[in-house]
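As the structure is a prediction and not an experimental result, all values here were calculated from the model.
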Amino acid sequence: LTKEENYMKYQNRYIFSDTETTGRDEKDFIQIIQSASMLTDGNCKTLDKINVSCAPLPWTVPTPGAYLTHKKIDTLQSSATHYQMMRSIHEQWQTWSQPEPAIFITYNGHAFDEELYRKQFFWNLLDPFVTNTNGNGRSDLLMLTRLVSQLFPDLIDFEINKNGNPVCKLESVVSRLGLDTSNAHDALSDCVFMVELLKFFMAAQPKLVDDYLLQATKQGCAEFLAKTKVIGYRHQPFARFWTYPVKFLGINPINQNEAICVDLNYPLEDVIDLGYQDIMRYLAKPNAESPFKIIRLNKSHSLADANEFDFRFDCPLAELNANAEAYDKNPEWIERVLVASTDLEQKEWPKKEIIEQTIYEKFFSNADKSLFKAFHAAESLEEKLSLCAAFNDSRAKEFAHRILFQEGKSNLPKEIVTFNESLIKERWTAEGPWPCVETYLNEAEELKQERTSAADQHIIESVKNYLYNQQRGIQHG
């Protein structure tokens, strides 16, 4: 397939997904308790959907604030296990994306839902990277919404926050389009909202949407950057945002996820004359006062062609285009910048020791992955235990033992039951990076004073009783 033909394949299949969870803050230790996904064609016509939920894992502490948001207190008594739910999601996504690649679309998902899916597939011995491998791509619709709010502020009657900026939360945006949001923060409802929002954007600004969808894969994002003379780049790490006119210089030779760009606002001569050490210094801090910007190709960004869409830069567009052309005439300088990017000291992330957090520390071997498939397919406990013993990675053994414990304690070897009971006791009684039961019991009491409606009081009381009962059961063995 040519690049254009490959891109067009993505236009035929989108998978929208959303989650509801046991908490918000302790991301490595909260759990998905509801997940919904919708498969659509290239015109956002629904083809299929899945909506599944499960009980909290016995070592997961639910938090009352999260349940007040999504109201899923029925999951506290669910008989469905986390393993069963995550397997059903994974199998459905594979079924949907195997006939041809799909774009997986979330809303603020690259900061939240996507990582939860990845880590919790990992916990359950399932391929964590289903959304961006085998030709699939992934996009965060929040990035497109932010771009629309800046480029076309009158397209939607955006709610305005106290700082004078448009509010881009999904519930707020779709309510301004006239959708009924009374069931917002239900995973399936939020998927419907995303479908309707993308459909609206497609009708209103098809070129902007086409460019956005092209960026769903690393290859597509690099292609967009390479073919666009002046790129408008909205960078919003927190509440504030900055907009830069940038030109793509190339891919970091030792990190294929990094696109090195130059900020066209800076005086051309000053940037071209930078010494090698200065180039390295600026590359090391690309989002501060630096003439260089680094765009990660494996995540969604708010990017558009500045010659097609008006970013209202202070510098005249003609001058920005002239600067971009001038850089193209200096291939030796561009090569020097790319070489400098390889000389930067690689950032050392603190080593993760707790098993749930180790997804990026070391990937499972192909041999173990083959055994995982057999483990999922095995019908007898004896066969599953035999496969567990054959895993090479100790993390896989522990995850498998957790899965077997979820599915039922009876007939499990005593050491597996004892280990999991110790894990439960640790997570509910010891301090750590996981949710603290005492903290959230206190939160429940505070929320009871603030949220006085009968419905909210019922949710708070349900979570509080669950916390008390679990805590009491652990304390009394």
With rounding to the nearest 0.5 Å, note down the distance linking CG in N366 to CG in L371. 11.0 Å
Keeping the roles fixed (side chain from H376, backbone from L125), state whether a donor-acceptor pair exists under 3.5 Å. yes
Exercise: identify the closest heavy-atom pair between M85 and I32: CE-O, 3.3 Å
Tell me if a side-chain donor or acceptor on T22 pairs with a main-chain N or O of Q31 at a distance below 3.5 Å. yes
Under a 4.0 Å N-O cut-off, is there an ion pair linking R395 with E398? no
Is the F399-F122 ring centre distance short of 6.0 angstrom? yes
Determine, for E407 against K384, whether the closest basic-nitrogen to carboxylate-oxygen distance falls under 4.0 angstrom. no
Is it true that K119 and E356 have a side-chain N and a carboxylate O under 4.0 angstrom from each other? no
Rounded to the nearest 0.5 angstrom, the CD1-CZ distance for I354 and R427 is 6.0 Å
Using only atom types and a distance under 3.5 Å, with no angle test, would you say the side chain of T75 pairs donor to acceptor with the backbone of S78? no
Under 3.5 Å donor-acceptor, S172 side chain and C168 backbone: no
If you count the non-hydrogen atoms of other residues, nucleotides and ligands that lie under 6.0 Å from NZ in K397, is the total more than 12? yes
Using the test ring pair (Phe, Tyr, Trp, His ring centres under 6.0 Å), find all partners of F29 that sit at least two apart in sequence or belong to another chain. W434
If you apply the rule side chain to side chain contact (heavy atoms under 4.5 Å, CB included), what do you find for M143 with H301, and how did you get there? CA-CA 6 Å; M143 301 302 159; H301 302 279; 5.7 Å; no
For C44 and M202, what are the C-alpha separation, side-chain angles and deciding distance, and is it a side chain to side chain contact (heavy atoms under 4.5 Å, CB included)? CA-CA 9 Å; C44 290; M202 284 175 164; 3.9 Å; yes
Can you run down the side chain to side chain donor-acceptor pair (under 3.5 Å) pairs that involve residues 64-74, sequence neighbours left out, and say none if there aren't any? K72-D186
Is it the case that atom CD in E415 sees more than 12 heavy atoms from other parts of the structure closer than 6.0 Å? yes
For the rings on F193 and H185, is their centre-to-centre separation under 6.0 Å? no
Could you check whether any side-chain heavy atom of L404 comes within less than 4.5 Å of a side-chain heavy atom of C388, counting everything from C-beta outward? yes
Angle between ring planes, Y14 versus F16, binned at 30° and 60°: parallel, tilted or perpendicular? perpendicular
Short side-chain to backbone donor-acceptor contact, S139 and L141, under 3.5 Å: no
Neighbour count >12 (heavy atoms, 6.0 Å) for atom NZ, K49: no
So does L208 get a backbone contact from the side chain of E308, meaning a donor-acceptor N/O pair under 3.5 Å? no
Looking only at side chains, do E114 and T106 share a donor and an acceptor under 3.5 Å apart? no
When you measure from the side chain of H110 to the backbone N and O of K299, does any donor-acceptor pair fall under 3.5 Å? no
State, with a plain yes or no, whether a side-chain heavy atom of V148 is found less than 4.5 Å away from one of F201. yes
Does the pair W93 and S17 meet the rule for a side chain to side chain contact (heavy atoms under 4.5 Å, CB included), with working shown? CA-CA 10 Å; W93 284 5; S17 66; 3.8 Å; yes
Distance-only side-chain donor-acceptor flag, N183 / S189, under 3.5 Å: yes
Do side-chain atoms of R176 reach the backbone of D157 as a donor and acceptor pair under 3.5 angstrom? yes
What closest approach, in Å, do H90 and D127 show between heavy atoms, and which atom pair accounts for it? NE2-O, 2.9 Å
Any P64 side-chain heavy atom under 4.5 Å of Y440 side chain: yes
Looking at side-chain heavy atoms only, is the closest gap between F224 and T228 below 4.5 Å? yes
Side-chain donor/acceptor of W428 to backbone N/O of P58, under 3.5 Å: yes
Quick one: pull up CD in E258 and CD1 in I295 and give me the separation to the nearest 0.5 Å. 11.0 Å
Are more than 12 heavy atoms from other residues, nucleotides or ligands located less than 6.0 Å from atom NZ of K373? no
A side-chain contact here means heavy atoms from C-beta on lying under 4.5 Å apart; do Y244 and C261 qualify? no
Salt bridge between E421 and K425, side-chain N to carboxylate O under 4.0 Å? no
What are the two closest non-hydrogen atoms of V52 and S88, and how far apart are they? CG1-OG, 3.8 Å
L303 and D211: side chain to side chain contact (heavy atoms under 4.5 Å, CB included), yes or no, with the steps? CA-CA 8 Å; L303 304 169; D211 286 349; over 6 Å; no
Check the side chains of Q406 and H82 for a donor-acceptor pair under 3.5 angstrom, ignoring hydrogens and angles. no
Indicate the atoms forming the closest heavy-atom contact of I294 with L283, along with that distance. CD1-O, 3.8 Å
Greater than 12 external heavy atoms within 6.0 Å of N163's CG: yes
L197 to V174 - nearest heavy-atom pair and separation: CB-CG1, 4.3 Å
Min side-chain heavy-atom separation N132-R118 under 4.5 Å: yes
Kindly give the heavy-atom pair with the smallest separation between L147 and A304, and that separation in Å. CD2-CB, 3.9 Å
Taking the six-membered ring for Trp, is the centroid-to-centroid distance between F363 and F129 below 6.0 Å? yes
Among all residues two or more places apart in sequence or in another chain, which pass the side-chain contact (heavy atoms from CB on, under 4.5 Å) test with N51? Q34, A36, L188
Over 60° means perpendicular and under 30° means parallel, so classify the ring planes of F152 and F309, tilted if in between. perpendicular
How long is the span from the CG atom in L57 to the CZ atom in R402, to the nearest 0.5 Å? 8.5 Å
Just wondering, do Y466 and P56 contact through their side chains at under 4.5 Å, heavy atoms? yes
As an exercise, state the distance from CG of N108 to OG1 of T145, rounded to the nearest 0.5 Å. 10.5 Å
Is a side-chain N or O of D41 found less than 3.5 angstrom from the main chain of N43, in a donor-acceptor match? yes
Regarding Q150 and T243, is there a side-chain donor-to-acceptor distance under 3.5 Å anywhere? yes
Side chains of T342 and N252 in contact at under 4.5 Å (non-hydrogen atoms): yes
Enter the distance from F200:CZ to I156:CD1 here, rounded to the nearest 0.5 Å. 5.0 Å
